[in-house]
Novice: 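The structure's right below; bear with me while I get my questions together.
Remember, it's 1-based here, ligands and their atoms both numbered in the order they're listed. Values below: every heavy atom of this structure, side chains too, minus hydrogens, waters and symmetry copies.
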Amino acid sequence: MRVDVVSIFPEYFAPLELSLIGRARANGVLQLGVHDLRTWTHDVHRTVDDTPYGGGPGMVMRPEPWGEALDALTPAEAPPPRLLVPSPAGAPFTQAMAYELAAEPHLLFACGRYEGIDQRVLEHAATRMPVTEVSLGDYVLFGGEVAVLVILEAVTRLLPGVLGNAGSLDEESHAHGLLEAPIYTKPPSWRGHDVPEVLRSGDHGKIARWRREEGLLRTAARRPDLLDALPADQLDKRDIAA
Ligand SMILES: N#Cc1c(-c2ccc3ccn(Cc4ccc(CN5CCCC5)cc4)c3c2)n[nH]c1N
């Protein structure tokens, strides 16, 4: 997968040299390009923002540099990338979207700052490539960079060969639409707290049932909205102890 990121703070993406994403890049699973938007400015002050039409707080990112940047990162001879624009007004980023993005050959991220990017940039880009405005959640950040780090981590871990034990993808939260069960390791007793006996029983059927029940209980307590979204055949409400 090829990923290009455009930002006025390219140094935000230094962490992508580390850990499993760094290894994915070294293995060629992920090709990452980070670009400074100011590369595509032409004035002495390298200006990327201006005042908002219609008034209002803050500044808006000018369309010209963005237009040139997206042109430069959208090769004419290859299929167009999917453009992702983090925004407080975006569609919620979910594990389902992470799976969808992990299947894309080329992602292009536009990191806004200030009060956002002139809307015409997205309108024009949409005439050439798929454009998705995406939001991490209902709170306001300073810009899109943190969102790109989150999205890139969620997507990269789904790429083939990135996670050593592919099985771990099956059992994690949101893989089956539920939260995962509690997890434990040695010692069997620690400060008076014991590991649930069933997990040390060696009975894999009982362990699987225990984990599903614990996941249901957690989901009912912390994320009842996920239960409502489960397909009817996957949940019998009686599964959840009162
Ligand atoms: N993903 C994600 C995000 C973001 C996010 C993503 C990208 C940018 C680019 C700039 N900002 C800052 C900002 C701040 C306030 C406003 C609202 N203003 C009201 C009047 C005109 C705009 C717009 C943007 C961003 C924030 N925040 N929260 C998420 N889950």
Novice: Heavy atom of F93 under 4.0 Å from ligand 1?
Specialist: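 Heavy atoms of F93 never come under 4.0 Å of ligand 1.
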
Novice: Between S87 (side chain only) and E133 (backbone N and O only), is there a donor and an acceptor less than 3.5 Å apart?
Specialist: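 No; judged by distance alone, with no hydrogens or angles, the pair does not exist.
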
Novice: Taking both backbone and side-chain atoms of G144, is any N or O found less than 3.5 Å from an N or O belonging to ligand 1?
Specialist: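 In fact, backbone or side chain, G144 has no N or O that close.
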
Novice: Any atom of ligand 1 sitting under 4.0 Å from a heavy atom of G137?
Specialist: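 Per 4.0 Å heavy-atom rule, G137 contacts ligand 1.
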
Novice: Check contact between G90 and ligand 1, using heavy atoms of the residue and a distance below 4.0 angstrom.
Specialist: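 G90 does not count as a contact of ligand 1 under the 4.0 Å cut-off.
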
Novice: Provide, to 0.1 Å, the distance between atom 5 (C) of ligand 1 and the closest protein heavy atom, together with that atom's residue and name.
Specialist: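 Its nearest protein heavy-atom neighbour is P88 CD, 3.6 Å.
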
Novice: Determine whether a donor-acceptor pair (N or O, by modelled atom type, separation under 3.5 Å) exists between the side chain of T39 and the backbone of D36.
Specialist: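 Yes: the side chain of T39 pairs with the backbone of D36.
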
Novice: Should we count CG of D225 as having more than 12 external heavy atoms under 6.0 Å?
Specialist: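 Enclosed: over 12 neighbouring heavy atoms sit under 6.0 Å from CG of D225.
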
Novice: If you have a sec, work out which protein heavy atom is nearest atom 20 (C) of ligand 1 and how many Å separate them, to one decimal?
Specialist: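 Here the nearest protein heavy atom works out to E115 OE1, 3.8 Å.
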
Novice: Report the nearest protein non-hydrogen atom to atom 26 (C) of ligand 1: residue, atom name, distance rounded to 0.1 Å.
Specialist: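 The closest one turns out to be L141 O, 3.5 Å.
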
Novice: Name the closest protein heavy atom to atom 14 (C) of ligand 1, giving the residue it belongs to and the distance to 0.1 Å.
Specialist: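 Sorting protein heavy atoms by distance from atom 14 (C) of ligand 1 puts V140 CG1, 3.4 Å first.
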
Novice: If I apply the N/O under 3.5 Å rule, does L136 come out as touching ligand 1?
Specialist: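 It does: an N or O of L136 is found under 3.5 Å from an N or O of ligand 1.
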
Novice: At a non-hydrogen distance cut-off of under 4.0 Å, which region of A147 contacts ligand 1 (side chain, backbone, both, or neither)?
Specialist: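 It is the side chain that touches ligand 1; the backbone stays farther off.
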
Novice: Do any N or O atoms from the side chain of R25 and from the backbone of L16 form a donor-acceptor pair under 3.5 angstrom?
Specialist: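 Yes, because the side chain of R25 sits within donor-acceptor range (under 3.5 Å) of the backbone of L16.
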
Novice: Tell me the protein heavy atom at minimum distance from atom 7 (C) of ligand 1, and give that distance in Å.
Specialist: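 Protein heavy atom with the smallest distance to atom 7 (C) of ligand 1: P86 O, 3.2 Å.
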
Novice: For ligand 1, which atoms, with element, lie under 4.0 Å from some heavy atom of F142?
Specialist: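 Close to F142: 10 (C), 11 (N), 12 (C).
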
Novice: Does T74 reach the main-chain N or O of D71 with its side chain, forming a donor-acceptor pair under 3.5 Å?
Specialist: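 Flag not set: sc T74 to bb D71 has no pair under 3.5 Å.
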
Novice: If we set the cut-off at 4.0 Å for heavy atoms, which region of S87 has an atom near ligand 1: side chain, backbone, both, or neither?
Specialist: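 The answer is the backbone of S87.
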
Novice: Is there at least one pair of N or O atoms, one from Y139 and one from ligand 1, spaced under 3.5 Å apart?
Specialist: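 Between Y139 and ligand 1 (N or O atoms, distance only) the closest approach is under 3.5 Å.
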
Novice: Do the side chain of S135 and the main chain of G137 share a donor and acceptor less than 3.5 angstrom apart?
Specialist: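 Such a contact is found between S135 side chain and G137 backbone.
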
Novice: Under 3.5 Å, side chain of R46 to main-chain N/O of R38, donor-acceptor pair present?
Specialist: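 Yes: the side chain of R46 pairs with the backbone of R38.
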
Novice: Spell out, as yes or no, whether a donor-acceptor pair under 3.5 Å connects the side chain of T47 to the backbone of D49.
Specialist: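 Checked: no pair found.
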
Novice: With atoms numbered from 1 as shown, which atoms in ligand 1 lie under 4.0 angstrom from a non-hydrogen atom of V134?
Specialist: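 Once the distances to V134 are compared, the set is 1 (N).
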
Novice: Which residue and atom name correspond to the protein heavy atom nearest atom 10 (C) of ligand 1, and how close is it?
Specialist: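 Looking at atom 10 (C) of ligand 1, the protein heavy atom closest to it is Y114 O, 3.4 Å.
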
Novice: Is there a donor-acceptor pair under 3.5 Å between the side chain of S201 and the backbone N or O of D203?
Specialist: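 Checked: pair present.
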
Novice: Could you identify the single nearest non-hydrogen protein atom to atom 25 (C) of ligand 1 and state the distance to 0.1 Å?
Specialist: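 In this structure, atom 25 (C) of ligand 1 has G143 CA, 3.6 Å as its nearest protein heavy atom.
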
Novice: Salt bridge or not between E180 and R218? Use side-chain N to carboxylate O under 4.0 Å.
Specialist: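 R218 and E180: not salt-bridged.
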
Novice: So, taking the atom named CZ in R209 and the one named CD in E214, what distance separates them when rounded to the nearest 0.5 Å?
Specialist: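 With rounding to 0.5 Å, CZ (R209) is 14.0 Å from CD (E214).
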
